[in-house]
Amino acid sequence: MRKLAIIGLIGLMSILRLQAQEMSVQAPKQVYEGDNFTVTFIINDQASDFKGPNFKGFSLRSGPNRGSQQSISIINGQMSNSTQTTYSYRLLADVEGTFTVGPATCTANGKKISSNSFTIKVEKLSQAQLKQRQQQQQAQQQRRQAYDPWAQQPQPASKIDDKTLFARASVNKTNPYLGEQIIVTYKIYTRVSISQFGIDKLPGNKGFWAEDLTTGKQIKQYNETIGGQQYQVAEIRKGALFAQEGGKLSIEPLDLTVKAIVQSQRRRTGSIWDLFDDPFFNMAQAVDYPLHTKTVPINVKPLPASPDNFSGGVGSFSVDGGLNLNKVKSNEAVSYRITVKGRGNLMLLTPPTPEFPSSFEVYDPQIDDNITRGDNGVSGSRTFEWVLIPRSQGKFTIPAYKFIYFDPTTAQYVTLTIPAQTIDVAKGKASASSSKDDVTLLNHDINYIHPITHLDTVKEEEHAGLPFYLAILLVGISTAAAILWTNKHQADALDMAGMRKKRATRMARRRLKKATALLGSGDTNTFYEEIYRAIWGCLSDKYSIPLSQLNRDNVSACLIEKQVPAEQQESIMNVLQDVDFARFAPGNPESQKKSIYDEALEMIVGLE
């Protein structure tokens, strides 16, 4: 019986452990502007690898603060064991609006789980409510001073100066080439204790493509000596910037607020308690102190005159790829792949244009990114893969492909080559479609027609009637239409720029389709990146501007050259400015995202 009881107990605990892990959220649905509040994520098991959401629209006061509890209960002789893990955040409601908080993720019992998204509405206090709160705070302060001889007076922020607490933005290069990667690091320097910080305004960084390098990473802390004084340093944010415009640009300031821990001076009352007015007896108090980094000027050098087929890549890269098969049957698919690896502006590379045999049906390339964002910047790989269908048999050669990029360390263009490849295409199953090679074989498929030596006389009553002549007329019209359509199709195929323009709107809508799926996800950074790429990609295709040369000046000049109406020019430039600002400036995420999406869609449709 004892063994059976033990086995039963083990089985019960196993069943309890196998129950589905869940993550729930405790958060207020409505708060007032200026309120402090708590958001707690609750997991019904031991949890690890917790990654919190992005609390856009709120200032982070503290968190995530981890807690756990374990309980054992015995009911009717049966014992149950439960564990609960919590992660809590202390937040401040900064501005009025409705904000969507995305899901948090963690690992529980070896399984990846996530919470649901939720919304918090921040309302503005009315004048009556604000006055009532101020009166309550004053009354509480008076009660403390009346009954507590140790009541503390707030420490003036002026006791902290820019020699004891300040923030800086530093870059690893102030004179980069166009498209070259530079790293900007934002640091807090302090000689007093600070408990936390909150970013009030992110830098706009207009003229740059920006990538955040600090998402989900711990803040680095160390000591540094400046002017003979030792400071504690905290690296609070790091980003990779890629200049998209030449000339003089600037990295705009970052605004933040820190809570500094200072000694509070007790108010003198003229009583015996003043004898204890000594730092030993004085309590510490957290004081809000605003910090601002200075504007960092950047002088962007133009690239030297580029060779033909320049990829737009600036950095250090390697390339490989080729066919996945060297032997195939006609009408069967093969793939041709080009993978670019290295460090630099991978996400801005122009899609390659390898040459394929004319009898091959070629589909638009699929782009697969494996890009990492670390302390040293953006690196990884970008792969372009084409699906090819050979329509006729024979031996074909795909010429060598040359990948050209600019290396800023040597200030020279580098050419990397994927060797030429030969593919043997055997006869496969017949296809309904025909190729150019099929047409050239027609003159070999017509046999000699023997002359007729005797013709019978057709009688008058055997002549064809009206149906026969209508059929002849329809055949003639159909033949003429087919010839016209074939000529137009061939002309369109030769007009690569025209084909590229026709694909522009389709590709942009496909990109905006990804952005549509992100509208309610809370992933604001990826949403704006998709919008940004859709707009610039459409402009690049419509006006044949390489991505490496895309900037507002070039776009404006091209619009004028193409005689685009002034009203449409202004609309396009306004959309570019709004998207650029929205990518880096905080605000009302959902309403702003929807507005930006509508502007981008209207602009792209206007380019059709």
Between Phe208 and Phe242, is the gap from one ring center to the other below 6.0 Å?
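No, the ring of Phe208 stays outside the 6.0 Å limit from the ring of Phe242, centre to centre.
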Can you check whether Ile251 reaches Leu241 side chain to side chain, under 4.5 Å on heavy atoms?
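Result yes, sub-4.5 Å side-chain heavy-atom pair found.
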Is it true that Lys327 and Asp424 make a salt bridge, defined as a side-chain N closer than 4.0 Å to a carboxylate O?
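Result for this pair is no, no salt bridge flagged.
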Going by salt bridge (Lys or Arg N to Asp or Glu O under 4.0 Å), name the residues that satisfy it together with Lys187, two or more places apart in sequence or in a different chain.
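Once residues adjacent in sequence are excluded, Lys187 has no partner under the salt bridge (Lys or Arg N to Asp or Glu O under 4.0 Å) criterion.
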Within a 6.0 Å radius of atom CD on Glu355, are there more than 12 heavy atoms belonging to other residues, nucleotides or ligands?
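12 or below, so no.
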Would a line drawn from the ring center of Phe41 to the ring center of Tyr87 be shorter than 6.0 Å?
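Here the rings of Tyr87 and Phe41 have centres that are no less than 6.0 Å from each other.
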Please check if any side-chain donor atom of Ser335 sits under 3.5 Å from a side-chain acceptor atom of Glu385, or the reverse.
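Looking only at side-chain atoms, Glu385 and Ser335 do form a donor-acceptor pair, the distance falling under 3.5 Å.
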Side chain to side chain contact (heavy atoms under 4.5 Å, CB included) with Thr422: which of Asn326, Ile398, Thr397, Leu323?
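Testing Thr422 for a side chain to side chain contact (heavy atoms under 4.5 Å, CB included) against Asn326, Ile398, Thr397, Leu323 leaves exactly one candidate, Thr397.
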Can you see whether Gln232 engages Arg191 through a side-chain donor-acceptor pair at a distance of less than 3.5 angstrom?
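There is no such pair between these side chains.
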Quick one: are Asn223 and Val233 in side-chain contact, heavy atoms under 4.5 Å?
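Side chain of Asn223 against side chain of Val233, heavy atoms only: no contact under 4.5 Å found.
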Taking all non-hydrogen atoms of both residues into account, name the closest pair between Gly102 and Pro53 and its distance.
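In terms of heavy atoms, the two residues are closest at O-CB, 3.2 Å.
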Without placing hydrogens or testing angles, list every side-chain donor-acceptor pair under 3.5 Å for residues 371-380, not counting sequence neighbours.
residue: Thr372; atom: OG1; partner: Ser379; partner atom: O; Å: 3.3
residue: Thr372; atom: OG1; partner: Ser379; partner atom: OG; Å: 3.3
residue: Arg373; atom: NE; partner: Glu211; partner atom: OE1; Å: 2.6
residue: Arg373; atom: NH2; partner: Glu211; partner atom: OE1; Å: 3.3
residue: Asp375; atom: OD2; partner: Lys220; partner atom: NZ; Å: 2.8

Looking only at side-chain N and O atoms, does Arg337 offer a donor or acceptor that is under 3.5 Å from a partner on Asn324?
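Note: Asn324 and Arg337 side chains miss the donor-acceptor criterion.
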Does Glu599 have any salt bridge (Lys or Arg N to Asp or Glu O under 4.0 Å) partners at least two apart in sequence or in another chain, and if so, which?
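With sequence neighbours excluded, Glu599 shows a salt bridge (Lys or Arg N to Asp or Glu O under 4.0 Å) to no residue whatsoever.
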Please find out if less than 6.0 Å separates the ring center of Phe356 from that of Tyr336.
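Centroid separation for Phe356 and Tyr336: below 6.0 Å.
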Any non-hydrogen side-chain atom of Ile389 less than 4.5 Å from a side-chain atom of Tyr363?
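Ile389 reaches Tyr363 side chain to side chain.
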